[in-house]
2 protein chains.
Amino acid sequence: MLCVVKSTRWLSDDEQKVWRTYLLANQLLWAALDRQLQRDAGMPHAYYMILAMLSEAPNRELTMSQLARMVGSSPSRLSHAVSRLEQTGWVRRRKHDTDGRTTVASLTDDGFAVLAAAAPGHVDEVRSILFDPLTPEQVEQLGEIVAAIVAPHNGRVPHV
Amino acid sequence: MLCVVKSTRWLSDDEQKVWRTYLLANQLLWAALDRQLQRDAGMPHAYYMILAMLSEAPNRELTMSQLARMVGSSPSRLSHAVSRLEQTGWVRRRKHDTDGRTTVASLTDDGFAVLAAAAPGHVDEVRSILFDPLTPEQVEQLGEIVAAIVAPHNGRVPHV
DNA sequence: CGATGATGGTTGAGCGTTCAACTTTCCGCC
DNA sequence: GGCGGAAAGTTGAACGCTCAACCATCATCG
């Protein structure tokens, strides 16, 4: 008779250590990133990403759906976020011309200015925490590793 | 005359790609982890870590400070979390015997049971998302990479 | 002994996120 | 044309986290 009960393969000591250190590194990274962005731009990283994606889009505007997919957030989360960004005057909402369901978010000049002001500090932070401590080979290895992690979920970006 | 204005070293295309993919991989990981834990144990990952650290501690109890350091959270965050875990009956608070300032949190039997029930699924999830897609060499490389990222912040765990 | 600062912890308000409804608009098809 | 379902967004409540303020207790040193 086949045993159909899947027994758990626990983590080896090495894996355990990698996992815990990974968690720590992540905490480090997010803490630094969010602190820096909150201080210099008055917004969390998720909001920065929204502005960044909009700034790179043609005419600096995107559908809510497109935007949600690009920053990997749920429709609800994005809607709340854009509402807040609208209050600060960095993003505007308007109805789509032809499709009555969709609304398109556009980056205002104020929003772009804030983004431009925050970008250098943000890049410096990413560099100093993630890239500077690594050798060029390690950066390359990291690239392959994250690619391998993302690969199985081909395209399907989860709603965080 | 020396130029003291630090000009930003922008990310190269390769670095940009690594960074974006890293963000994506992270989203993937946290989304899956939090979804699984929320579904199977009814708690976020931060709470799981609290229970896990307590379960490994002698007599399954730890000072709030110790606990906060181990899970890398601020005193405030931990206090709120433990309050909540107390309401569900998974953790108990009591005053320290000799030092009147410190309070010690202890894992209840219910809390241990919940943790034990959630652990296998959690480990499976970590394995299937992080370790399974990687070759043994890549796991080793990842270990060195995260170690290199953590190293500069020697011991100083940030309050997330 | 008493003042001073350090240590350990809690609290409340505000913000961001999630989750489950819900509305509106569009599409396909009888 | 009208009906059922899919697609696009929004909303409100509950929850977790942050930040600043705060309280209590210990340690030190004059």
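Just so we're clear, the structure is a prediction, and the values are computed from it rather than from any experiment.
Looking at heavy atoms from C-beta onward, B:M43 lies out of side-chain contact with B:Q38 at the 4.5 angstrom threshold. Within the 4.5 Å cutoff, side-chain heavy atoms of A:Q141 are placed close to those of B:I145.
Atoms NE2 (A:H45) and P (C:dG16) sit 15 Å apart, rounded to a whole Å. Atom CE of A:M43 is separated from atom C1' of D:dC19 by 19 Å (rounded to the nearest Å). Spacing between atom CD of B:E86 and atom P of C:dT10 amounts to 9 Å, rounded to whole angstrom units. Rounded to a whole Å, the CG atom of A:D97 is 15 Å from the P atom of C:dT25. Note: CH2 (B:W30) to C1' (C:dT17) measures 15 Å, nearest angstrom. Whole-Å rounding puts the B:R35 CZ to C:dT17 P distance at 17 Å.
Shown here are the salt bridge (Lys or Arg N to Asp or Glu O under 4.0 Å) partners of A:E144, two or more places apart in sequence or in another chain: there are none. Here B:R84 pairs with nothing under the salt bridge (Lys or Arg N to Asp or Glu O under 4.0 Å) rule; sequence neighbours left out. The salt bridge (Lys or Arg N to Asp or Glu O under 4.0 Å) check on B:D110 picks up nothing, with sequence neighbours excluded. In this view, B:E140 satisfies the salt bridge (Lys or Arg N to Asp or Glu O under 4.0 Å) rule with no residue, not counting sequence neighbours.
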Fill in: Base-contact (B) and sugar-phosphate-only (S) positions in nucleotides 4-10 of chain D, heavy-atom cut-off under 4.0 Å, - elsewhere
---BSSB
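Distances shown here put every side-chain N or O of A:Y48 at or beyond 4.0 Å from the OP1 or OP2 atom of C:dG16. OP1 or OP2 of C:dG16 has not a single side-chain nitrogen or oxygen of A:R77 nearer than 4.0 Å.
A:A81 comes within contact range of no nucleotide atom at all, as no heavy-atom separation falls under 4.0 Å.
Against DNA chain D, the stretch residues 50-60 of chain A makes no heavy-atom approach under 4.0 Å.
More than 12 heavy-atom neighbours from other residues, nucleotides or ligands sit within 6.0 angstrom of NZ on B:K95.
For B:H80 against C:dG12, a side-chain N or O and a base N or O form a donor-acceptor pair under 3.5 Å.
The aromatic rings of A:H122 and A:Y48 sit tilted, their planes meeting at an angle between 30° and 60°.
A salt bridge does not link A:R92 to A:E86: none of the charged nitrogens lies less than 4.0 Å from a carboxylate oxygen.
Taking the nucleotide of DNA chain D with the nearest heavy atom to each of B:Q38 and B:G100, the more 5' of the two is matched to B:Q38. Ranked by how close their nearest DNA chain C nucleotide is to the 5' end, A:T98 and A:R84 are led by A:R84.
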